[in-house]
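Everything below concerns the one structure shown next.
Lettering follows sequence order; numbering is per chain, from 1.
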2 protein chains.
Amino acid sequence: MKILDIAEIVRQTGLPPSTLRYYEELGLIEPVGRHGLRRQYEPDTLMQLALISLGKAAGYSLEEIAGMFGGNGEPALSRPDLHARADRLEQQIRELTALKNAIRHVAECPAPSHMQCPTFQRLIRLAAKRQARQGARRA
Amino acid sequence: MKILDIAEIVRQTGLPPSTLRYYEELGLIEPVGRHGLRRQYEPDTLMQLALISLGKAAGYSLEEIAGMFGGNGEPALSRPDLHARADRLEQQIRELTALKNAIRHVAECPAPSHMQCPTFQRLIRLAAKRQARQGARRA
DNA sequence: CTACGAATTCAAGTCAACTTGAGGTCAAGC
DNA sequence: GCTTGACCTCAAGTTGACTTGAATTCGTAG
């Protein structure tokens, strides 16, 4: 069970075939061959797709993702680049954590206006620190 | 210094006026008045914009964000809804953390092919757990 | 009081990420 | 060997989030 038919990829990922073809067009994935017309993939492709999904969740564009991994899925970035991206992710994680805390706070805080609540303000300000710097790319 | 001219909002947020008008059109923000034609905002608007920015970073669409806060910026969700969203954020934070760890690992691991490296695979699989379930909405 | 710069309106354009539709082709089951 | 269902190609359409451009309007500096 070395090779997966596109139907199997569709089943396991939930992505429609059209999306897989689109990703292929962008050079994000590559079928290993065809069975008739049907694309066949290596199991690795499933992990590449997982990576793509994660990258998207992190706010990267498909083009950026394509730039990080060749069509083969092998990372193609310098060590400092990788660390820089990890640093950015850390910042983003801090922001999401603050947002999460703010939301939990709103769920519990009885204040009439949250925009005025100092705790809420502090949480948001914490989260949004350095947001002004360079629009948060795409979201 | 109670009211802010649009120019001041632009300066502090880095967002162009066109974006502010667009957000207004979607009901995300609302000027408190005009000075001539120029929109004037309350300071609260800055925090609303910070919230919008965070919401986008979390992957919410502007429409969803509009649904969470009325034009006034006051949250308009039930407590269970809020907690559900916070839960989702927590999951997302776990994913990003795993992605971050995977990236750091790639930066250090000398393996020739990361797609084959068991550590990398474990990290990604960890991150992508439950990704199949309901396409990760927009990214 | 005139000139200037920046914001305003409104329609149209752009870009990314897909999806849809028409018409075609297999491989497998009957 | 014929039908069928799912994928195929290729072009065009859609949606979300903005941006751009032309023509206009003000407040402020000079």
Quiz item: Below 4.0 angstrom, N of the basic side chain to O of the carboxylate: do A:R34 and A:D5 qualify?
Solution: no
Self-check item: Atom-to-atom span, CG of B:L49 to P of D:dC18 - whole angstrom
Solution: 11 Å
Quiz item: Whole Å only: how far is the CZ atom of A:R11 from the P atom of D:dG5?
Solution: 21 Å
Exercise. Not counting sequence neighbours, which residues clear side chain to side chain contact (heavy atoms under 4.5 Å, CB included) with A:S113? List them please.
Key: A:M115, A:Q116, B:E74
Quiz item: Would you say C:dA17 has OP1 or OP2 under 4.0 Å from some side-chain N or O of A:Y23?
Solution: no
Quiz item: With sequence neighbours excluded, what pairs up with B:R94 under the side chain to side chain contact (heavy atoms under 4.5 Å, CB included) test?
Solution: B:E90, B:Q91
Quiz prompt | Atom pair distance, as rounded to whole Å: CD in B:E24 and P in D:dA17 | solution = 17 Å
Quiz item: How would nucleotides 19-30 of chain D be written as a contact map, 5' to 3', with B for base contact, S for sugar-phosphate-only contact and - for no contact, using protein heavy atoms under 4.0 Å?
Solution: SB----SSSS--
Exercise. Starting at OH of A:Y41, measure out to CD1 of A:I3 and round the result to the nearest 0.5 Å.
Key: 12.0 Å
Quiz prompt | Under-4.0 Å salt bridge between A:E24 and A:R21 | solution = no
Exercise. For B:R34 and C:dA7, give me the distance from atom CZ to atom P, rounded to whole Å.
Key: 13 Å
Exercise. Nearest whole angstrom, please: distance from the P of D:dA17 to the NZ of B:K56.
Key: 8 Å
Quiz prompt | Atom-pair distance (CG on A:L28; C1' on C:dC18), nearest Å | solution = 13 Å
Quiz prompt | Nearest-Å distance for atom pair CG/P, residues A:D5 and D:dC7 | solution = 8 Å
Quiz item: Is there a side-chain contact between A:I52 and A:Y23, using heavy atoms and a 4.5 Å cut-off?
Solution: yes
Practice problem: Take the protein atom CG of A:L4 and the nucleotide atom C1' of D:dC7, then report the distance between them rounded to whole Å. | Solution: 16 Å
